[in-house]
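Note sheet for the following structure.
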Amino acid sequence: MFIKHNFTSESELKMILDNIYSQSQKGKSFNGILEAVLNEVTIITAIHNIKSNKGANTPGIDGEKMDKYLQMDKDRLISLIRKKVNNYKPKPVRRHYIKKSNGKMRPLGIPSILDRIIQECLRIIIEPIAEAKFYPKSYGFRPYRATKHAIKDITTIISSRWKQPPAVAIEGDIKGYFDSICHRKLLKKLWKIGIHDKRILAIIKAMLKAGYMENDTLYDTETGTVQGGIISPLLANIYLNDFDWMVGRMYHYTKRRKSSNIATDRTRLRNEGIIPKFLVRFADDWIILTSTIKEATRLLKYLKKYFKHRLKLELSEEKTLITDMTENMAKFLGFMIKAELPRKTPENPNPSTIVGKSYPDMERVKTKVRQISSELKQIRFTGKNSYLQATIIENINAKIIGLSEYIKPSICSAAFAYIDNAINKLLHPLKYSLARNTGNIKFLYVSLPTDNKGI
DNA sequence: CACTTCAATAC
RNA sequence: UUUGUAUUGAAGUG
């Protein structure tokens with residue numbers, strides 16, 4: 001279908017986007033996308049969306065900052081963007097390396113501000129098309145979805161009364177995912193997902209092929225989508241969407257599923273010899289739950305080939321693991337997942353059905369606590385400067401709350417006790433105290449010293 | 001009550 | 001020192 005593109009207000013744009021989503025969900029494809037992308041309202045909202053991004057003042061290769069475009073006359077800016085997009089030649093991205101948590105370096109590609117604006121214009125229109133066709137159990141980079149939903153999904157799958165629970169996990173790790181995406185295959189998938197506008201595909205292709213500048217030398221980008229590009233997360237999800245549904249069709253979304261009653265369906269599938277398989281994905285991190293080691297091994301062998309030939313991606317030999325969660329824990333998104341009998345309760349003194357449980361990954365918690373502790377020690381060197389002390393404490397509070405909120409959805413009492421203990425030990429000699437909220441969940445919070453309460 | 005802006009954290 | 005999403009906190013407008 002043709003996308004309406006004569007909208008004149010932001011609310012009208014929102015309605016059109018809602019409509020695109022529901023049409024796309026019905027399997028429709030779209031053309032005339034470029035006109036909607038270059039509508040004045042789209043351009044203005046794109047700038048509005050990204051103007052206060054953290055990197056708005058960090059320029060790309062051309063040295064221009066966001067201010068320049070914010071100060072520019074509106075009509076001039078719009079015609080500038082339209083002119084640029086016509087026969088689009090995006091600037092190469094600026095290379096910058098940042099440290100990852102594991103010590104390795106991550107190559108960022110920083111597009112010029114104008115290219116970022118254009119990417120956001122595209123994202124606004126394309127996102128609802130893709131979003132409607134995405135696999136429901138893909139959680140990374142998607143609106144209204146977070147890691148806790150992915151974890152919850154896994155534990156409920158294990159817990160939902162099975163004859164033979166899917167307690168064997170294939171933990172998948174894709175080597176250098178963003179940087180390995182095959183341009184040709186990605187463009188095919190964009191078409192397949194419903195983007196039937198050749199001009200849009202040409203623009204995206206130009207973005208992918210923009211190249212990068214490092215030490216005044218221009219390098220080609222023959223694979224990958226730049227980490228730092230506004231549409232990159234969306235493209236990354238589109239690239240793995242076929243994989244998601246391929247695994248999904250093996251069991252959860254199989255065409256053999258007929259009954260609305262899950263239990264009868266399950267029995268029938270079992271009688272047909274179909275073994276449960278559930279994929280949960282978060283960006284490049286994925287896990288498949290199945291019932292036996294044998295089936296997991298068989299599937300993994302197939303998936304390695306699938307990734308290599310169908311996606312031109314490689315699975316990490318060391319980090320792609322098969323785990324029997326009744327014996328060992330699987331790691332996913334900073335959590336440890338276990339399949340075990342539930343705790344004994346008066347109502348259920350002899351539990352027999354296995355349930356899925358998630359715990360914080362204590363190794364990660366410990367390294368986070370070490371980081372926080374070293375910052376906490378800085379307070380000693382502030383002397384009597386209470387303003388400086390308050391700043392440090394505010395900052396540490398933010399970190400403790402951030403960590404607590406993240407691990408809260410799992411079984412976290414042991415982790416909280418650990419954090420509590422570690423921080424308290426440091427606080428005692430510093431004569432600070434630890435506040436604790438009164439709710440049912442214990443969580444840690446370094447309180448401001450009483451004489452600093454007013455700041 | 002609903003909406004906006006600005007910090008920070010996690011992946 | 002980028003991008004995306006989620007979360008928490010603060011401030012403001014009607």
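All of these numbers come straight from a predicted model, not from anything done at the bench. Throughout, protein chains are lettered first and strands after them, A, B, ... in sequence-line order, and every chain is numbered starting at 1.
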- Base-pairing mate for G14(C) - Watson-Crick or G-U, with both contacts under 3.5 Å: dC1(B)
- Query: Would one find more than 12 heavy atoms of other residues, nucleotides or ligands at under 6.0 Å from atom NZ of Lys152(A)?
  - Reply: no
- Task: Using a heavy-atom cut-off of under 4.0 Å over every strand shown, decide if Ile98(A) touches base, sugar-phosphate, or nothing.
- Result: base
- Task: Round to the nearest Å and state the distance from Gln227(A) atom CD to U3(C) atom C1'.
- Result: 9 Å
- Any side-chain N or O of Arg116(A) under 4.0 Å from OP1/OP2 of U3(C)? yes
- Name the residue closer to the 5' end of RNA chain C, choosing between Gly229(A) and Ala146(A) according to the nucleotide with the nearest heavy atom. Gly229(A)
- Message: So, OP1 or OP2 of U1(C): does either fall under 4.0 Å of a side-chain N or O from His96(A)?
- Response: yes
- Does Glu317(A) pair with Lys175(A) as a salt bridge, N-O distance under 4.0 Å? no
- Message: I'd like to compare against my own output: the B/S/- annotation of nucleotides 4-11 of chain B with a strict under-4.0 Å heavy-atom distance to protein.
- Response: -SS--SSS
- Quick one: do Glu340(A) and Lys357(A) make a salt bridge, cutoff under 4.0 Å? yes
- Query: How would you label the contact of Tyr144(A) with the nucleic acid (heavy atoms, under 4.0 Å): base, sugar-phosphate, or nothing?
  - Reply: sugar-phosphate
- Message: Taking any heavy-atom pair under 4.0 Å as a contact, classify Thr58(A): base, sugar-phosphate, or nothing.
- Response: sugar-phosphate
- Message: If I take atom CG in residue Asn53(A) and atom P in nucleotide U5(C), what distance separates them, rounded to the nearest angstrom?
- Response: 9 Å
- Whole-Å distance separating the CE atom of Met105(A) from the C1' atom of U2(C): 14 Å
- Query: Is the cationic atom of Lys185(A) (NZ for Lys, CZ for Arg) positioned less than 6.0 Å from the six-membered ring centroid of Tyr239(A) and within 45 degrees of its normal?
  - Reply: no
- Task: Specify whether Trp286(A) and Phe307(A) have parallel, tilted or perpendicular ring planes, treating 30° as the upper limit for parallel and 60° as the lower limit for perpendicular.
- Result: parallel
- Can you tell me the distance, in whole Å, between the CD1 atom of Ile230(A) and the C1' atom of U5(C)? 14 Å
- Does the ring pair (Phe, Tyr, Trp, His ring centres under 6.0 Å) test come out yes or no for Tyr406(A) and Phe335(A), once each step is laid out? CA-CA 10 Å; Tyr406(A) 184 69; Phe335(A) 293 95; 5.2 Å; yes
- Note on the structure: Paired to dC6(B) by Watson-Crick or G-U wobble criteria (both distances under 3.5 Å) is G9(C)
- Check Thr147(A), Asp153(A), Ile151(A), Asp285(A) against Tyr139(A) for a side chain to side chain contact (heavy atoms under 4.5 Å, CB included) and give me the one that passes. Asp153(A)
- Spacing between Leu235(A) atom CG and U2(C) atom P, to the nearest angstrom: 20 Å
- Of the candidates G4(C), U1(C), A6(C), the side chain of Ile110(A) sits closest to U1(C)
- Query: How does each nucleotide of nucleotides 8-14 of chain C score, in 5' to 3' order, for protein heavy atoms under 4.0 Å: base (B), sugar-phosphate only (S), or none (-)?
  - Reply: S------
- note: Ile113(A), atom CD1; U3(C), atom C1'; distance rounded to Å ~ 12 Å
- Locate the shortest heavy-atom distance separating Gly228(A) from Pro111(A); write the atom from each residue and the value. O-CD, 3.8 Å
- To the nearest Å, give me how far apart NE2 (His149(A)) and P (G4(C)) are. 20 Å
- Residue Ile50(A), side-chain atoms from C-beta onward, closest of A6(C), U3(C), G4(C): G4(C)
- CD of Gln119(A) versus P of U2(C): gap in Å, rounded? 15 Å
- Item | Derivation of the salt bridge (Lys or Arg N to Asp or Glu O under 4.0 Å) call for Arg82(A) and Glu40(A) | CA-CA 10 Å; Arg82(A) 286 181 181 160; Glu40(A) 177 175 327; 5.5 Å; no
- Salt-bridge test for Lys192(A) and Asp242(A): reply yes if a basic N is under 4.0 Å from a carboxylate O, no otherwise. yes
